[in-house]
Asks: 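Here it is, the structure in full.
FYI, side chains are in, hydrogens and waters are out, and symmetry mates aren't considered; it's all heavy atoms of this structure. All ligand and atom numbering here is 1-based and tracks the order in the structure. Heads up: numbering here begins at 1 and tracks the sequence.
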Amino acid sequence: MNAKKADIGLVGLAVMGQNLALNIADHGYDIAVFNRNPDRTREFLAHCEQAEPSKDRVRGHYDLAEFVQSIERPRKIVLLVKAGDGTDAAINSLLPHLDPGDIIIDGGNAHWLDTIRREKELSAAGFAFIGSGVSGGETGARFGPSLMPGGSEAAWASLKPVWDAIAAKVDPVTGIPLPGATPGQPVTGGVPCTAHIGTDGAGHYVKMVHNGIEYIDMQLICEAYGLMQNLLGMTAPEIGAVFKQWNQGDLSSYLIEITGDILEQPDPVAGGFLVDKILDTAGQKGTGLWTSVSALEQGIPANAIAEAVFARSLSALKAERVAASAVLNGPTVTPPDDRAGVIESIRQALYCSKICAYAQGFQLMAAAEITYGWTLDFGTIAQIWRGGCIIRARFLQKITDAYGENATLRNLMLAPYFSQALQSGQTDWRDVIALAVRNGVPVPAFSSALAYFDGYRSARLPANLLQAQRDYFGAHTYERTDQPRGQFFHLDWSSATRDQIAS
Ligand code: NBP
């Protein structure tokens, strides 16, 4: 029996927990692990014994009290269990065994309001609680995720050395992710993709917005693919080659890179290309929905992010769509002559739409900062998304730069780099959408992003009429353009003599 206590503990040995435990061990920390079902622990330890260079640092336990006692105080215990009831159950099972000052770190995809509640309850009971977003899937967890922790400064100070060590690393000058680690061989140097996001639920909120942006990033790529396939008649590998080329420029990102790989993948079973054989219905686990609901609740126009969620919902109505395709006719597709020119226009449309999507995500976080009393550093948030996470992209460096130049930037689209990109790309963006509409190819996210751009840059919208309608049927009052803001008027529309200042 090893007398030295473990540096940290981890509960939950499904895919994320196993990988994060190995990442922690690879960085020289002794880690105690526990899982509700002991079979998982046994299997994991057997795997470590056979294949993991850091196996001596991983200590399995089958008794929760022994697991807790085996960890150095104040204890740091990471939870990677099913978010929701699973997290509450895991916390409740741990509580009787903890000592004051111990820290629980929830790395699951928790709803931020649950994290706020848990932090409050646990700190009242004398413990500390950190809700940390973990992005990058199983590979990220194993070799370097992007980590978004929220909680008290004191708890963060205790966790920071471990989170800094295991996070993805980027080059300090270029912001480009450093080459990946291998088992037992962690990446050294570089800037870690983690930082204290804010108090209580801030980390999980920012992770949720990350996922919302991931939804729209993926949808935009799918619309670019759909246009090349349905309008230009290109094959999967031809489109894959375009994405690989795009990955060399401004659009360079993990999602563009894997799209190139996916489109060139032959079907190992039936021949042809695998993507052509995959059923066109997309699933979702809820973080895109949460992002959209939060935007609606706070009155933030994150319409393109919500559109990406609806696009998945529409995709899931497969049987209805198949039936409707025999009834509802659209225009006959007329492929344009200038294939290369249209491909370049699609690239511009994708980039401009992406700028709008990120502008919406950051606008949403700025609203949440006020709603929940957080202090968020948007440049740092973009910085820790540069490596490890699913939306990692060259583009994020530009966002960090934009907030570095102006920390109080109201909207990303107003930063000089992005406003210029929108200016130079918008003709192509509009042309692509017009071409898609004329040919009946759906581009909901491209067009929703353009509507956001056009709406945001409009000094006057037709909402004057809308407010008049509201006053007409519901006496909801209106403000006048020729009177100071904050003074509300109502007209008796049936007599329409003179409007009155509303009481
Ligand atoms: P799952 O989300 O599939 O959860 C399975 C784990 O939760 C198992 O260890 C299971 O223990 C444990 N668990 C459950 Br279910 N109920 C429990 C309870 N009442 N008490 C204690 N443990 C309980 O695992 P995952 O996919 O590894 O994800 C872990 C967390 O990380 C989740 O919150 C997820 O949202 C988040 N996340 C996942 C990814 C990803 O790519 N998968 C990425 C980022 C974040 P058992 O073995 O005894 O059933």
Side-chain angles (χ1 to χ4, degrees), residues 9-24 31-47 58 60-65 67-68 77-98 104-115 118 129-150 163 166-168 193-194 201 203-215 218 254-255 258 283-291 384-385 387-392:
L10 184 144
V11 175
L13 290 173
V15 59
M16 291 297 283
Q18 291 194 16
N19 282 292
L20 204 80
L22 290 170
N23 185 354
I24 292 171
I31 181 163
V33 297
F34 178 87
N35 192 73
R36 180 181 60 174
N37 175 353
D39 290 343
R40 268 199 214 266
T41 312
R42 262 182 223 107
E43 284 162 22
F44 177 55
L45 293 177
H47 161 80
V58 180
H61 292 270
Y62 299 93
D63 178 276
L64 193 59
F67 160 77
V68 173
I77 300 178
V78 180
L79 301 183
L80 274 162
V81 301
K82 194 171 166 54
D85 292 347
T87 310
D88 283 321
I91 291 172
N92 289 335
S93 67
L94 279 170
L95 283 182
H97 307 292
L98 298 183
I104 294 179
I105 302 115
D106 175 18
N109 268 341
H111 191 284
W112 78 97
L113 292 179
D114 282 336
T115 303
R118 288 172 186 139
F129 185 70
I130 288 183
S132 181
V134 177
S135 178
E138 64 178 290
T139 307
R142 179 70 177 88
F143 297 116
S146 173
L147 296 165
M148 294 152 253
W163 251 219
I166 67 168
C193 292
T194 186
H204 275 141
Y205 192 91
V206 167
K207 168 62 169 40
M208 175 198 74
V209 174
H210 162 285
N211 285 22
I213 292 174
E214 181 183 310
Y215 271 60
M218 294 168 77
Y254 172 70
L255 285 169
I258 68 166
Q284 49 183 308
K285 281 192 170 172
T287 40
L289 169 74
W290 291 352
T291 311
I384 67 174
W385 288 348
C389 64
I390 304 297
I391 64 170
R392 61 184 181 264

Asks: Would you mind checking which non-hydrogen protein atom is closest to atom 26 (O) of ligand 1, with the distance to 0.1 Å?
Replies: Val15 CG1, 3.5 Å
Asks: Short N/O distance, under 3.5 Å, between Val81 and ligand 1?
Replies: yes
Asks: Would you mind running through ligand 1 and noting each atom that sits below 4.0 Å from a heavy atom of Gly12?
Replies: 9 (O)
Asks: Would Arg36 count as being in polar contact with ligand 1, using the rule that some N or O on each side must be under 3.5 angstrom apart?
Replies: yes
Asks: Nearest protein heavy-atom contact for atom 35 (O) of ligand 1: which residue, which atom, what distance?
Replies: Asn109 CB, 3.3 Å
Asks: Say whether Arg40, considering both its backbone and side-chain N or O atoms, lies within less than 3.5 Å of an N or O atom on ligand 1.
Replies: yes
Asks: Considering distance alone, does some N or O of Asp85 sit under 3.5 Å from an N or O of ligand 1?
Replies: no
Asks: Please indicate, with yes or no, if any protein heavy atom is found under 4.0 Å from atom 3 (O) of ligand 1?
Replies: no
Asks: Which word best sums up how the rings of Phe34 and Phe67 line up, parallel for under 30°, tilted for 30 to 60°, or perpendicular for over 60°?
Replies: tilted
Asks: Please report the closest heavy-atom contact between Pro145 and Val134, naming both atoms and the distance.
Replies: CB-CG1, 4.0 Å
Asks: For Val209, run the side chain to side chain contact (heavy atoms under 4.5 Å, CB included) check against Ile213, Val206, Asn211 and tell me which one passes.
Replies: Ile213
Asks: I need the contact type for Val134 against ligand 1. Using non-hydrogen atoms and a strict under-4.0 Å cut-off, is it side chain, backbone, both or neither?
Replies: backbone
Asks: Below a 4.0 angstrom heavy-atom separation, can you tell me which part of Asn35, side chain or backbone, both or neither, approaches ligand 1?
Replies: side chain
